[in-house]
Amino acid sequence: MSSESSPSLKAGDHVFLVDGSSYIFRAYHALPPLTRKSDGLPVGAVAGFCNMLWKLLQEADETAAGVTPTHIAVIFDHSAKTFRNEIYDQYKAQRPEPPEDLIPQFGIIRDAVRAFNVASIEQPGYEADDIIATYACQAVEAGADVTIISSDKDLMQLVGPHVIMLDTMKNKRIAEPEVFEKFGVAPDKVVDVQSLAGDSVDNVPGVPGIGVKTAAQLINEYGDLETLLSRASEIKQTKRRENLIEFADQARISRRLVELDCNTPVDVPLADAAVRKLDGEKALAFLKAMEFTTLTRRVAETAGKDAGTVEAADLAIKGWDAPETAAPSGSSEKSVASPASGAGPAALAEARAAEIRAIPLDASAYECVRDVARLKAWIEDAFETGFVAVDTETTSLDPMEAELVGVSLSTAPGKACYIPLGHRDGEGDLLGGGGLLEGQIPLKEAIDLLKPLLEDAAVLKIAQNLKYDWVILKRLGIEVAPYDDTMLLSYTLDAGLQGGNGMDALSERWLGHTPIKYEDVCGKGKSAVTFDKIALDRACSYAAEDADVTLRLWQVLKCRLPGETMTTVYETLERPMVPVLSRMEMRGIHVDRQMLSRLSGELAQGAAALEAEIHEMAGETFNIGSPKQLGDLLFGRLGLPGGKKTKTGAWSTSVSVLEDLAAEGHPLPVKIVEWRQLTKLRSTYTDALPDHINRETGRVHTSYSLASTTTGRLSSSEPNLQNIPVRTEAGRKIRKAFVAAEGSKLLSADYSQIELRVLAHMAEIPQLVKAFADGLDIHAMTASEIFNVPVKDMDPMVRRRAKAINFGIIYGISAFGLANQLGISRGEAGDYIKTYFERFPGIRDYMEEMKRQVHANGYVTTIFGRKAHYPDVNTKNPNMRQFYERAAINAPIQGSAADIIRRAMVRMEDTLAASKLSAKMLLQVHDELIFEVPDEEVDATIPLVARTMEDAPSPALSLRVPLQVDARAAQNWDEAH
DNA sequence: CCTGCCCCATA
DNA sequence: GTATGGGGCAGGA
């Protein structure tokens, strides 16, 4: 800070004195607890402060102050104890500690002041108010005018002909009339009134029974405090008279407490607070570090600098612990703390939600944007706001064949629009609809206008299930960034909680609002029409409401992340998956239509032959595909033994039942199992897959869901490419139809035993850890441990049993389940489990710990901190309860493995690009990634992919066991796997 | 025409 | 025993 002497103040100067300390409290309580940096640092008050300061520096004349300052200083309280505590030890004694997330902001605001090259003033032993009083007196003496930026009533005593106050939050000027209105006396008598009335907030005692009204009346009558006290005996009202006499000294002490000191020793002469030139670099570095995108842009414009070239400042923040890189592992006690209690983050989030709920939601009030001028206005608004909720309306749920019909935007709760672009006449001809409706901006023109906004780094785009819109917009040449996804926010925070993460459910849960249903707009089933056929006003209500709801959900959900320490999970495991999966879906995979068609024919023939045989053997024709008819035949008419009932009381005809019958020597069930397999393969795969081949790309594009499992796994649908057969020879023929493009190979890389490795890590099982480290056969090792047999020359049946137990452990083993799986008695299965736990006591400890946690918290966590909620685990139904307990045992294992492959996927594209390799990730099947690789790059790609997958946990975590990835390339998926 | 049930494909 | 998605049947609209 400058210490050389500056020209002293002169008449006509205008001094702005900003009451920094009171501003931060007011900003904190007035602004919603929404604003946080991506690392969770709360910066809402800082943001408010910076905007205010910037406005004062740039356009103070447009505020209620009406002038531009020549001098400006921000004044802070230095310490809690001041000379007033020596006068009265109770002064401000009952003031509560500042809220936890406000504390780190005190220091940052001082940084902000310096970043804007403004004088920051504080003085040990004195309150900000005294320094302000001193500066104000000095300025007035020099003939200058003063504006005090504060609304603190304690400063109103300073108001006079040359001193006003400015409440920037209300943009309200406080001069003599306003002071008179508040205290009933002129500013120079305010101290007398306060001395009598006291102040419960600052613990100024005053005189009992006298408030501001009475005090003003008394002062107006007697002139000033001393006169009043000396003539107190004249007061008519008994109690008031007695109190004024008895508490006269207390009133005098109060006067000394409230009267501001105009003679504070100040180290920095006011002249040094002359407005200085903005240091663009310094300001931008600070603002970038704070992630205040809008203000960064404004300052960059004003300073004529490119914000992109400025490095964010490195701010060491005291009193704030950023969330850990990896959240505590499942066995940590730290996760016990309930986020739902007291005035913690959960309460703040709830307060936030209540606030947003209170803003009316009226679907008929949205704007339908029909011309370029209005579209530009909305785009400008989004740039100003710095964030915008975006939603697209299209002709199909499949983003790869959907056509864009319109776009909706929202920049504030209740403020949303819909931009129709592709609506057509509902009375279309048979060739696919009528012409475009009038009054719509041409698609290309709208896209050209929207692209800069949707790709601008300074504007956050908010969507519900962005992956869909991302693909739609990418096909139109727009790559949306940066972005947030409300569905993923909800999934990160509440995976497994009732209702799911769909927009309608979230709107109900958080906003108490039922959005217009898609079916109510477009109809459903056979009579459904595509969105382009919907009349504009109806379309606008529906579409704009979605954007409005999305924006509100974002405001409710985003601020929960840091308080629930889920920022890292969201930022590393969820958010970055959106473009990764979008690109995978867009690439699709090539399937050989002819091969499938041929296979379908073969399967049909085989099934027909079996059908004839079955009918022959049964002695009647019946529908083999009807479990009901089949059950009646086998256990009714044929009277076979060993029938089991399903939970609804029908005969079970599942494979296990049919195999039991086959083992008894009945030939019919064998044929039925074969028939089932063939028809299943045909209907589910060979016949269904070709229907999913995209007309334009000639490839199959699955859709991955990021938010539909409780554990963190993805799911795949339309078509589901995560359940393509592999176990049987007939099934593998279907895999052979998944082929690489000409000149390429399919590369399959899969984690070996990843869930068992994760379990070995989490439960810290020495034998398992060692076995994995040594690269042993883990099932054989298990068998050796529990059945006490050597690994060498092991009976394959013994190994099979151990393998089943290992899987059972992952699933939260029960004797019942294991017995079923191995076809042994429950007693025998129970013995196996008992032995297993004796050999691996850590496994039992792990299981018990997960059960304890799920009962205590309602959720369990993966090694990367992902939560899986089981809200109903405390049910009284013992079967349900045990079911949830098993799920809670399984979730950290399955979920941690899912986290690991997510990390690999997020990193994969950059890793390949860095090595100049052009392999493209196409599919994910839980522990396997499938790539399409040019022939000549196969050899270089295999080790790189494998290493990236194996190293995926680091640097966040280092597992106790190595991960192993097997990778292979071939012309088709079957041979690569 | 929709929904619940059964069955079955994968990890 | 965990986690999914999907096809066919059958009953109730």
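Residue numbering restarts at 1 for every chain, and letters A, B, ... go by the order of the sequence lines.
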[options]: which one has an atom nearest the side-chain heavy atoms of [X]?
| X | options | answer |
| --- | --- | --- |
| A/Val925 | C/dG5, B/dC8, B/dA11 | B/dA11 |
| A/Ala688 | B/dC6, C/dG7, C/dT2 | C/dG7 |
| A/Thr653 | B/dC7, C/dA10, B/dT10 | B/dC7 |
| A/Asn890 | C/dA3, B/dA11, B/dC7 | C/dA3 |
| A/Lys680 | C/dG8, B/dA11, C/dG5 | C/dG5 |
| A/Asp927 | C/dT4, B/dA11, B/dC6 | B/dA11 |
| A/Thr646 | B/dC6, C/dG5, C/dA3 | B/dC6 |
| A/His926 | B/dA11, C/dG6, B/dC5 | B/dA11 |
| A/Arg886 | C/dT2, B/dA9, C/dT4 | C/dT2 |
| A/Lys647 | B/dC6, B/dA11, B/dA9 | B/dC6 |

Between [N] and [X], is there an OP1 or OP2 to side-chain N/O distance shorter than 4.0 Å?
| X | N | value |
| --- | --- | --- |
| A/Thr684 | B/dT10 | no |
| A/Arg676 | B/dC8 | yes |
| A/Ser708 | C/dG5 | yes |
| A/Arg713 | C/dT4 | no |
| A/Ser654 | B/dC7 | no |
| A/Gln924 | B/dA11 | no |
| A/Ser626 | C/dA10 | yes |
| A/Asn623 | C/dG8 | no |
| A/Thr709 | C/dT4 | no |

Touch check for [X], heavy atoms < 4.0 angstrom, all strands: base, sugar-phosphate only, or nothing?
| X | answer |
| --- | --- |
| A/Ser814 | base |
| A/Ser716 | sugar-phosphate |
| A/Phe883 | sugar-phosphate |
| A/Ala804 | base |
| A/Thr710 | sugar-phosphate |
| A/Asn720 | sugar-phosphate |
| A/Asp750 | nothing |
| A/Glu718 | sugar-phosphate |
| A/Leu681 | nothing |
| A/Ile810 | nothing |

Find the distance [X]:[atom1] to [N]:[atom2] and express it as a whole number of Å.
| X | N | atom1 | atom2 | result |
| --- | --- | --- | --- | --- |
| A/His692 | C/dG5 | NE2 | P | 14 Å |
| A/Asp974 | B/dT10 | CG | C1' | 14 Å |
| A/Leu923 | B/dA9 | CG | P | 20 Å |
| A/Gln894 | B/dT10 | CD | C1' | 12 Å |
| A/Leu689 | B/dT10 | CG | C1' | 13 Å |
| A/Glu659 | B/dC7 | CD | P | 14 Å |
| A/Gln821 | B/dA11 | CD | P | 15 Å |
| A/Asp691 | C/dG6 | CG | C1' | 14 Å |

Please determine, by modelled atom types, if [X] and [Y] share a side-chain donor-acceptor pair under 3.5 angstrom.
| X | Y | result |
| --- | --- | --- |
| A/Gln894 | A/His926 | no |
| A/Glu932 | A/His590 | no |
| A/Tyr832 | A/Arg801 | yes |
| A/Ser708 | A/Ser715 | yes |
| A/Glu585 | A/Thr702 | no |
| A/Tyr836 | A/Asn806 | yes |
| A/Ser814 | A/Arg826 | no |
| A/Thr728 | A/Gln677 | yes |
| A/Ser752 | A/Asp966 | no |
| A/Asp750 | A/His977 | no |
| A/Asn972 | A/Glu975 | yes |

Open item on the list: Side chains of A/Glu659 and A/Pro669, heavy atoms from C-beta outward: is any pair under 4.5 Å?
Closed with: no
I'd like a table of atom pairs between the protein and nucleotides 11-13 of chain C - only N or O on both sides, under 3.5 Å - with the distance next to each one.
none

- [ ] Assess A/Lys645 against A/Trp651: is NZ or CZ under 6.0 Å from the centre of the six-membered ring, and within 45 degrees of the ring's axis?
- [x] yes
Open item on the list: Ignoring hydrogens and geometry beyond distance, is the side chain of A/Gln722 in donor-acceptor contact with the base of C/dT4 at under 3.5 Å?
Closed with: no
TODO: Mark yes or no for a side-chain to base donor-acceptor pair under 3.5 Å between A/Arg727 and B/dA9, with no hydrogen or angle criteria applied.
DONE: no
At a cut-off of 3.5 Å, list every protein nitrogen or oxygen paired with a nitrogen or oxygen from nucleotides 1-3 of chain B, distance to 0.1 Å.
none

